[in-house]
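For reference, the structure discussed in these notes is given below.
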There are 2 protein chains.
Amino acid sequence: MKQKSSAAKPDLAEAEAELFLLEAFLPYRLSVATNRISRLFARRYCDAYGLSIPEWRVMAVIGRAGTLSPGRVAEWAAMDKVKVSRAAASLVARGLLRQNADPEDGRGRKLSLTRKGRGIHRGVIPLARTLEAQLAAGLSPGEWQALGPILDKLLAHVQAMEEGSPGAGID
Amino acid sequence: MKQKSSAAKPDLAEAEAELFLLEAFLPYRLSVATNRISRLFARRYCDAYGLSIPEWRVMAVIGRAGTLSPGRVAEWAAMDKVKVSRAAASLVARGLLRQNADPEDGRGRKLSLTRKGRGIHRGVIPLARTLEAQLAAGLSPGEWQALGPILDKLLAHVQAMEEGSPGAGID
DNA sequence: TGACTTTTGTTTCATATGAAACTATCCAGG
DNA sequence: CCTGGATAGTTTCATATGAAACAAAAGTCA
């Protein structure tokens with residue numbers, strides 16, 4: 001018989017596992033709350049300006065920088081290049097974004113907002129600020145201020161965890 | 001001319017919008033950090049047990065409750081019923097989950113772990129706890145403890161925001 | 001009983017995602 | 001020059017998602 005002796009009596013791991021409460025699991029709660037917030041924000045941006053979140057992010061970073069290559073946008077907006085490419089194509093199609101060749105590099109592109117795009121930008125950024133403020137109103141000022149550094153540390157730490165054992169699961 | 005007089009001189013909204021820094025926008029940072037964490041956790045669950053996050057969540061709540069209908073799983077795991085249905089089908093196909101008819105309601109189903117499923121559960125829950133602990137190690141104990149209540153409040157608040165003006169954007 | 005409405009769960013369909021393939025350009029070494 | 005990489009962006013493909021349509025079984029009320 002290969003069965004463990006614990007087949008009849010539930011062993012410690014079993015007993016411990018059965019006590020696991022998903023609603024007390026912090027990564028789960030983080031995911032639920034964040035996705036809900038993202039969903040709400042996405043709906044608002046879409047209702048007001050027809051923008052998806054990737055499109056909104058692209059507009060935000062280009063509105064700030066003036067001109068940016070798709071690769072830089074990907075860096076600054078924490079998006080992969082595929083998402084940037086698609087969001088940019090959609091914004092160009094709607095006349096909000098201009099995509100020019102980079103005179104110094106035949107592969108590169110120069111992204112910048114059109115006049116119309118700046119108009120949208122001028123509206124969507126205050127909306128974002130308003131939404132952020134509404135969200136902040138759900139926390140005490142202290143909690144809200146604590147959240148930023150916590151997120152920074154979590155992000156830095158998860159990056160370390162990713163690098164730490166990439167080979168461990170690959171074999 | 002319908003153009004605003006601000007066409008030549010950038011108005012206040014424009015100037016303010018141009019100062020917007022995505023990396024200082026908390027909802028964005030929340031999303032980036034959370035998605036990165038979810039991605040890492042998903043990879044670990046998948047490497048170790050071939051489970052996706054929806055599958056993992058279904059196993060977690062059923063492992064805790066013993067027997068649960070798909071609807072209840074959806075409630076307890078904060079998933080929509082479609083995701084539960086698909087995750088359950090996949091788990092049944094792999095022999096980890098049993099899906100019986102509910103004798104008291106012809107529409108309902110009774111989900112419970114098979115022996116094999118309990119074996120997986122007995123392994124994946126400690127893995128989750130370990131990962132959570134590794135994540136917690138990136139914060140001070142105080143920060144980690146603060147995060148739970150913050151997430152609860154954010155979730156409650158975003159739900160209030162959703163209900164508050166659902167008609168505002170629908171018109 | 002026999003329409004209705006509601007509830008439960010599955011399936012369909014249209015969209016969103018990202019890994020990998022691909023195209024075009026640039027650079028480095030011979 | 002040319003040839004073999006590297007790099008920038010786009011496209012393809014396979015999968016994941018959720019809204020809406022669906023099917024089946026309860027409940028409801030005359």
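FYI, side chains are in, hydrogens and waters are out, and symmetry mates aren't considered; it's all heavy atoms of this structure. Lettering of chains follows the sequences in order, A, B, ..., and the numbering in each one begins at 1. These figures come from a predicted structure and were not determined experimentally.
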**Prompt:** What string of B, S and - do you get for nucleotides 11-22 of chain C, 5' to 3', if B is base contact, S is sugar-phosphate-only contact and - is no contact with any protein heavy atom under 4.0 Å?
**Reply:** BB----BBBB--
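- Between the CZ atom of B:Arg107 and the C1' atom of C:dT8 there is a distance of 6 Å, given to the nearest Å.
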**Request:** Go through the steps for B:Leu154 and A:Leu147 under the test side-chain contact (heavy atoms from CB on, under 4.5 Å), then give the verdict.
**Result:** CA-CA 11 Å; B:Leu154 278 181; A:Leu147 194 47; 3.9 Å; yes
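- A:Trp76 CH2: 12 or fewer foreign heavy atoms inside a 6.0 Å radius.
- Rounded to the nearest 0.5 Å, atoms CG (A:Leu21) and CZ (B:Arg64) are 4.0 Å apart.
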Please tabulate, one pair per line, each protein N/O and nucleotide N/O from nucleotides 1-5 of chain D that are separated by under 3.5 Å, including the distance.
none

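- Side-chain contact check for A:Tyr28 versus A:Leu30: every heavy-atom pair is 4.5 Å or farther apart.
- In terms of modelled atom types and a separation under 3.5 Å, the side chain of B:Thr114 and the main chain of B:Gly95 share a donor-acceptor contact.
- When atom types are taken as modelled, the side chain of A:Lys116 and the backbone of A:Arg94 share a donor-acceptor pair closer than 3.5 angstrom.
- Against DNA chain C, the stretch residues 97-105 of chain B makes heavy-atom approaches under 4.0 Å through B:Gln99.
- For A:Asp105, the salt bridge (Lys or Arg N to Asp or Glu O under 4.0 Å) test picks out A:Arg107, with sequence neighbours left out.
- Annotation: proximity of residues 62-76 of chain A to DNA chain C (heavy atom, distance under 4.0 Å) is found for no residue.
- B:Ala128 meets the side chain to side chain contact (heavy atoms under 4.5 Å, CB included) test with A:Phe25, B:Tyr45, B:Trp56; sequence neighbours excluded.
- A donor-acceptor pair is defined here as one N or O able to donate and one able to accept, closer than 3.5 Å; such a pair exists between the side chain of A:Thr130 and the backbone of A:Pro126.
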**Request:** Decide yes or no on salt bridge (Lys or Arg N to Asp or Glu O under 4.0 Å) for A:Glu143 and B:Lys153, but give the supporting numbers first.
**Result:** CA-CA 10 Å; A:Glu143 287 168 332; B:Lys153 289 176 76 172; 2.7 Å; yes
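- Taking each heavy atom of B:Met59 and B:Gly117 in turn, the nearest pair found is CE-O, 3.3 Å.
- A 6.0 Å sphere centred on NZ of A:Lys110 holds no more than 12 heavy atoms belonging to other residues, nucleotides or ligands.
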